[in-house]
Colleague: 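Below is one structure. I have some questions about it.
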Amino acid sequence: MSSGWPPALAFFGLHVDCGRWHPDRQKWLRLPVAAFTCRHGCEYTAVGAADVAHLTQTIDATHARTCPGPSGGTA
């Protein structure tokens, strides 16, 4: 996702593409994708509705535990 959307290349943070669901066909035409980056080099990516939902719900705690940054998780 971050390779196709210019702001995601220029700014750190959480970028979410909600995808495209086709209600008549009951299927994804484009899967949801989320990408998180921080200034210290942390990167997380999720593809698919369930994985994107999980990433967006847990990124703050996950990132705080693993970030090598000076204060342990400031993005």
Side-chain angles (χ1 to χ4, degrees):
M1 180 184 102
S2 61
S3 63
W5 191 53
L9 298 173
F11 300 106
F12 299 113
L14 178 62
H15 304 278
V16 178
D17 175 349
C18 293
R20 183 167 178 173
W21 174 256
H22 194 286
D24 295 332
R25 294 187 204 167
Q26 294 292 304
K27 70 177 207 173
W28 289 102
L29 300 177
R30 187 179 73 245
L31 287 173
V33 178
F36 175 83
T37 57
C38 88
R39 71 185 84 205
H40 304 292
C42 301
E43 294 182 0
Y44 300 91
T45 304
V47 178
D51 290 341
V52 168
H54 182 262
L55 177 69
T56 59
Q57 291 172 352
T58 61
I59 190 62
D60 54 346
T62 302
H63 183 243
R65 283 193 311 268
T66 60
C67 184
S71 60
T74 56

Colleague: Please round to the nearest 0.5 Å and tell me the distance separating atom NZ of Lys27 and atom CZ of Arg20.
Modeller: 12.5 Å

Colleague: In a table with atom names and distances, give each donor-acceptor pair under 3.5 Å that connects a side chain of residues 44-58 to protein atoms at least two apart or in another chain.
Modeller:
from: Tyr44; atom 1: OH; to: Thr66; atom 2: OG1; distance (Å): 2.5
from: Thr56; atom 1: OG1; to: Val52; atom 2: O; distance (Å): 3.1
from: Thr56; atom 1: OG1; to: Ala53; atom 2: O; distance (Å): 3.0
from: Thr58; atom 1: OG1; to: His54; atom 2: O; distance (Å): 2.8

Colleague: Show the nearest heavy-atom pair for residues Thr37 and Phe11, with the distance to one decimal.
Modeller: OG1-O, 4.1 Å

Colleague: If I compare all heavy atoms of Pro32 with all of Cys18, which pair ends up nearest, and what's the gap?
Modeller: CG-O, 3.6 Å

Colleague: Which heavy atom in His22 sits nearest to a heavy atom in Arg25, and how many Å separate them?
Modeller: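 So the two residues come closest at ND1-N, 3.0 Å.
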
Colleague: Search all heavy atoms of His40 against all heavy atoms of Pro68 and return the closest pair with its distance.
Modeller: O-CG, 3.9 Å

Colleague: Could you check whether any side-chain heavy atom of Trp21 comes within less than 4.5 Å of a side-chain heavy atom of Arg30, counting everything from C-beta outward?
Modeller: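 SC-SC contact between Trp21 and Arg30 ruled out.
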
